[in-house]
Amino acid sequence: MLNLNQGFTPLGENNQIEYKSFLFAGGEPHIKISNNFDANIPITITQRINSFNDLGMICITVDALKRMGVKQIDLFIPYFPAARQDRVMISGEPLSVKVYADIINAMGFESVTVFDPHSEVTPALLNNCITISNHEFIKQVIAKIGNEVQLISPDGGALKKIYKVSEFLGGAEVVECSKSRDVKTGKLSGFKVYADDLNRSDCLIVDDICDGGGTFIGLAEELNNKNAGKLYLAISHGIFSKGFDELSKYFEQIFTTDSIKEVEHAGVTQIKLQNILS
Ligand SMILES: O=P(O)(O)OC[C@H]1O[C@H](OP(=O)(O)OP(=O)(O)O)[C@H](O)[C@@H]1O
C-alpha cells in the first residue's frame, strides 16, 4: 500500500511502503520510494485528488514503482477530479473528465476504484473501473441520526441513484426534487419539491458533492415551505467551498466522508472511508 496523502489511509494502515515526497522549487512534485518491499506483490496507491499536482504525484509514483520492477498497480481515488465536467455544456469548454480518465488509463492500472462517482460517465471512460456506492455511508448516517427520515433526492443526477439507496435500506421513503442550473453562469433557480405536505417529517438530503452549497440551501428553503421537520444533509464528497455559516442555518447536522479533506466543524460529522469500507 502506498498512501500518497499524509494521514489518509482509507484501506487501512497495514503494509505501507515508505517514501519521501516534496515539491521542487519550481513547483513540480517529486517522490523517493524506499526499496524495502517485495516488488512482486501487487501495490495499491491511494490518493485524494485536490489539484493537478495530486494527479501528477500519482503519475510519477507509478513511473518510480515500474522502474523498481512492480508489475501490478491498483489505484484508489475516492473523488474523481472534475467529475461534474462530464459533458460539454457550452462551446469552448473541455470534457475534463475524459482528460483525467485518459491520463489515468495511460498508466495501465489493474483497477481504478472510485467512490460514488457523479455520473455514469466516469466509470464508462475509466479502464478497469470499480465503483463503490454510497449505500453503506448512508446506512451509517441514518444510524447516527437515530430517527426515521425521508430520503430527499435533490436533482436529476441524484434521482438515478436514490431508489437503489432506498432499496438497500429496506424501502425508505423517497421525495423527489429538482432544480435548474444556468450552464453559462452556474446560477441555480427553480427549486421544486414534489410533495404537497411533509407533515413535519425529518428529511435527509442525499447527494454526491457539496461545493458552494447553493443546491442544498435552495432546497432546504423549499422543504421548509413544504412543512418539513428537521433537515439533515449527507454528502459523499465534501468540498464546502463556501464554508458552513449558511449551511448550518438550515441543517441540524451535515454528514460527509473524508474523500476530499478533513473537516472540523461542530455541525459536521465526518465518517471515514476506512470505516465505510471495512
Ligand atoms: O454545492 P453546489 O455548488 O450547489 O453543487 C452541488 C451540486 O452540484 C452537482 O450537481 P450539478 O448541479 O452539477 O447537476 P447534475 O447532477 O445535473 O450534473 C452535485 O451533484 C450537487 O447536486
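For this chain, numbers begin at 1 and follow the sequence in order. In listed order, ligands and their atoms are each counted from 1.
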Checklist entry - Atoms of ligand 1 less than 4.0 Å from Gly212 heavy atoms? => result 1 (O), 2 (P), 3 (O)
Checklist entry - So, does Met89 sit close enough to ligand 1 that a heavy atom of it is under 4.0 Å from the ligand? => result no
Checklist entry - Are any of the side-chain nitrogens in Lys98 or Asp86 under 4.0 Å away from the carboxylate oxygens of its partner? => result no
Checklist entry - Measuring from the heavy atoms of Pro154, does anything fall under 4.0 Å of ligand 1? => result no
Checklist entry - Where does Arg87 meet ligand 1, judged by heavy-atom distances below 4.0 Å: at the side chain, the backbone, both, or neither? => result side chain
Checklist entry - Does an N or O anywhere in Leu188 fall below 3.5 Å from an N or O of ligand 1? => result no
Checklist entry - Who's closest to atom 4 (O) of ligand 1 heavy-atom-wise, of Ile235, Ile217, Thr215? => result Thr215
Checklist entry - Can an N or O of Phe216 be found at a distance shorter than 3.5 Å from an N or O of ligand 1? => result no
Checklist entry - Does Gly214 come within less than 4.0 angstrom of ligand 1, counting non-hydrogen atoms of the residue? => result yes
Checklist entry - Any chance the rings of Phe52 and Tyr100 have centres within less than 6.0 Å? => result yes
Item to check | Any side-chain donor near an acceptor of the partner, Asp155 and Ser178, under 3.5 Å | outcome: no
Checklist entry - Can you check whether Phe240 and His265 have ring centres sitting under 6.0 Å from each other? => result no
Next on the checklist: Check this for me: does any side-chain nitrogen of one of Glu246 and Lys249 sit under 4.0 Å from a carboxylate oxygen of the other?
Outcome noted: yes
Checklist entry - For atom 16 (O) of ligand 1, which protein heavy atom lies nearest, and how many Å away is it? => result His118 CE1, 3.4 Å
Checklist entry - Which atoms of ligand 1 are found less than 4.0 Å from any heavy atom of Gly157? => result 16 (O)
Next on the checklist: Check this for me: Glu120, atom CD, are more than 12 non-hydrogen atoms of other residues, nucleotides or ligands nearer than 6.0 Å?
Outcome noted: no
